[in-house]
Structure formats: structure tokens, C-alpha cells
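Please read the structure below before turning to the comments.
Computed from a prediction, not measured in an experiment: that's the story for all the values here.
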Amino acid sequence: MIDLNADLGEGFGRWTLTEDEALLGVVTSANVACGFHAGDPSTMRRVCESAARRGVRIGAQVSYRDLAGFGRRAMDVPRSELADEISYQLGALDLFARAAGAEVGYLKPHGALYNRVVHDEQQAGAVVDALLAFRRAAGRGLPVLGLPGSALLAAAEAAGLPVVAEAFADRAYTPGGTLLPRTEPGAVLHDQDQVVARAVRMAGDGEVVAVDGSVIPVRARSLCLHGDTPGAAALAVRVREALLAAGVGVGAFV
């Protein structure tokens with residue numbers, strides 16, 4: 001069984017990037033942009049309402065405060081300030097989710113923050129600080145999605161929070177199991193047949209071929225399908241159908 005998550009709500013005002021409605025018909029978890037790298041209040045509300053109607057789990061995709069750079073620029077933010085900014089994003093989405101009759105079910109960092117907390121213990125600690133603040137306020141702890149072996153998942157586990165390891169079928173991996181930076185050639189895979197095959201191998205065999213040709217283990221409970229790539233919804237359908245054909249169940253993580 002594997003969860004399929006996608007980045008949704010990545011627009012602002014009249015500008016839209018993701019095929020939200022089409023993807024919500026395929027995925028089991030929706031990473032909703034919370035306004036700092038993309039998204040605005042009305043978009044957040046609409047995605048939460050649609051996800052709630054379809055029974056798709058709502059997740060807070062939090063980011064550095066970087067609308068101009070789509071959250072993909074490295075930023076040095078003090079731990080306490082970053083924790084406050086993540087709490088702010090999480091709280092906003094939680095209101096829209098509850099108003100739609102659902103709730104925020106997990107948190108996932110976006111872009112540069114996601115990659116930073118793989119190694120940076122202070123930045124990872126800021127994410128966990130925000131999650132602990134949410135637990136004190138809401139009376140429940142949220143799972144956090146992240147890269148297997150990351151500082152973020154280690155810090156979350158140490159704090160008694162649930163963790164969910166995820167993998168990326170359309171991203172290149174280094175031999176060390178991290179994502180190849182987007183600044184490197186070939187970091188994002190565009191061949192749909194290749195992406196589908198990698199998804200099945202990740203979910204079924206728990207492994208992926210790294211950029212140097214080595215085979216590395218991938219322990220993932222959730223598979224990310226990027227919502228901002230051309231033809232994302234059609235590719236998501238192909239991935240889901242291929243997983244089911246290979247005997248891999250598709251469903252939200254517990």
C-alpha cells in the first residue's frame with residue numbers, strides 16, 4: 001500500500017500553476033500551499049473544500065517566505081522566527097480545512113526548506129517546534145512527510161511525532177539517497193514512461209537507480225507526484241494505474 005501525494009494550490013490571485021481538480025481525483029493526500037511560496041486564502045479554501053468532498057487528506061505544505069522565488073531559494077532564517085512562520089501557515093490552513101468539514105492531516109516542507117532540513121538540525125528543529133506548538137493548541141500531533149534518513153524525520157521522531165518517509169518518482173537521486181539539486185542537469189525527469197517505471201519500482205521493490213547507476217534503497221510510505229510539471233494530472237493517472245496493475249495498493253498513510 002502506498003500513498004500518493006501532490007503539491008496543490010500553487011497559484012496566486014489570477015495565476016494558477018497546478019491542475020488541482022484533476023489531481024484531486026487521483027491522489028490520496030494533497031499538499032496545499034499555505035501562502036508563503038504560492039497560494040492565497042481563496043485558493044486554500046477552494047482546495048480544502050474540494051479535497052474534503054473527495055475524501056483526500058489535507059496536508060500543509062509550508063515554506064520559506066519566498067513568493068518571488070517559489071520557495072526554492074535558500075534562506076537563513078533564525079529558528080524561532082522560522083517556527084513562527086511555519087505555525088502561521090499551518091494555522092491558516094487548519095482554519096480552512098476545518099471550515100470545509102475536514103482537518104489538516106500532516107505537514108510537509110516545500111522546496112528549499114524541504115532540502116535544507118535533510119541536513120540542517122536547527123532548521124529541522126524549527127519545523128518540529130511549530131508542530132509541537134500545533135499539538136499544544138490542537139491537542140493532536142501531526143505526521144510530518146520528509147526524506148528517509150533526514151534530520152527532520154529524526155527530530156520529529158525524537159519529539160514523539162509520527163513520521164512518513166516519501167519518495168519522488170520524477171526526481172533524480174544521488175548515491176547517498178538525497179535528491180539531486182534542481183540546479184543540476186537531469187534533476188527533474190520528464191520522460192513519463194521512465195517516471196511510471198520508477199514509481200512502480202519504488203513502491204514495489206523499495207529501490208531506485210541513482211544518477212551514477214547504483215541501486216539504492218528507498219523506504220517510502222508516500223510517493224510524491226509534482227503538481228507543477230506539464231501534464232501532471234495525466235501522469236498521475238498513469239502512475240496510479242501502473243501501481244494497481246503491479247499489485248500495489250493505493251491509499252492514504254495511517
Give me the atom names and distance for the closest heavy-atom approach of [X] to [Y].
X    : Y    : result
G177 : L147 : O-CD2, 3.8 Å
M44  : G35  : SD-N, 4.4 Å
T178 : V118 : CG2-CG1, 4.1 Å
A83  : D129 : CB-CB, 3.8 Å
L142 : G105 : CD2-C, 4.0 Å
D212 : P175 : OD2-CG, 3.2 Å

Which value, rounded to the nearest 0.5 Å, describes the distance between [X] atom [atom1] and [Y] atom [atom2]?
X    : Y    : atom1 : atom2 : answer
L243 : M1   : CG    : CE    : 11.5 Å
I86  : E81  : CD1   : CD    : 11.0 Å
M202 : R219 : CE    : CZ    : 13.0 Å
L132 : L161 : CG    : CG    : 5.5 Å
Q194 : Q192 : CD    : CD    : 11.5 Å
R46  : E21  : CZ    : CD    : 9.5 Å

Does some side-chain heavy atom of [Y] sit less than 4.5 Å from a side-chain heavy atom of [X]?
X    : Y    : result
L90  : S87  : no
R65  : E85  : yes
F134 : D94  : yes
F253 : T28  : no
V27  : D3   : no
D20  : S50  : no
L179 : Y173 : yes
C48  : L93  : yes

Step through the shown structure and confirm whether more than 12 heavy atoms of other residues, nucleotides or ligands are within 6.0 Å of CD on E121.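 Not more than 12 within 6.0 Å, no.
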If only side-chain N and O atoms count, and only distance matters, is there a donor-acceptor pair under 3.5 Å linking D40 with S42? no
Under 3.5 Å, is there a donor on one side chain and an acceptor on the other for S63 and Q89?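 Per modelled atom types, S63 and Q89 side chains form no pair under 3.5 Å.
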Considering residues at least two apart in sequence or located in another chain, which fulfil the ring pair (Phe, Tyr, Trp, His ring centres under 6.0 Å) criterion with Y114?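 Per chain and number, Y114 pairs via ring pair (Phe, Tyr, Trp, His ring centres under 6.0 Å) with F168.
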With hydrophobic residues grouped by side-chain heavy-atom distances under 4.5 Å, do [X] and [Y] end up in a single group?
X    : Y    : value
V200 : I216 : yes
M75  : L82  : yes
L223 : L244 : yes
V248 : V195 : yes
V104 : Y106 : no

Under a 3.5 Å distance rule, please check whether R171 uses its side chain to pair with a backbone N or O of A187 as donor and acceptor.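 Indeed, once roles are kept as given, a pair shorter than 3.5 Å links the two residues.
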As a quick check of understanding, evaluate side chain to side chain contact (heavy atoms under 4.5 Å, CB included) for L225 and D170, giving each step before the final call. CA-CA 7 Å; L225 305 172; D170 63 353; over 6 Å; no
Take V164 and R221 through the side chain to side chain contact (heavy atoms under 4.5 Å, CB included) test and state the conclusion after the steps. CA-CA 6 Å; V164 180; R221 178 62 187 85; 3.9 Å; yes
Name each donor-acceptor pair under 3.5 Å that joins a side chain in residues 4-15 to protein atoms two or more places apart or in another chain, with its distance.
| unit_1 | atom_1 | unit_2 | atom_2 | d |
| --- | --- | --- | --- | --- |
| N5 | OD1 | N31 | ND2 | 2.7 |
| N5 | OD1 | K108 | NZ | 3.4 |
| N5 | ND2 | E166 | OE1 | 3.1 |
| N5 | ND2 | S222 | OG | 2.7 |
| D7 | OD1 | N31 | ND2 | 2.8 |
| D7 | OD1 | Q61 | NE2 | 3.2 |
| E10 | OE2 | H37 | NE2 | 3.1 |

Taking the basic N atoms (NZ, or NE/NH1/NH2) and the acidic carboxylate oxygens, is any pair closer than 4.0 Å for [X] and [Y]?
X    : Y   : value
R54  : E49 : no
R116 : D76 : yes
D66  : R72 : no

Step by step, would you call R201 with V208 a side chain to side chain contact (heavy atoms under 4.5 Å, CB included)? CA-CA 7 Å; R201 186 169 182 176; V208 68; over 6 Å; no
May I ask you to check whether H110 and F70 place their ring centres under 6.0 Å from each other? yes
What side-chain donor-acceptor pairs closer than 3.5 Å can you find for residues 235-242, not counting sequence neighbours?
| unit_1 | atom_1 | unit_2 | atom_2 | d |
| --- | --- | --- | --- | --- |
| R238 | NH1 | D193 | OD1 | 3.1 |
| R238 | NH2 | D193 | OD1 | 2.8 |
| R240 | NH1 | V26 | O | 2.5 |

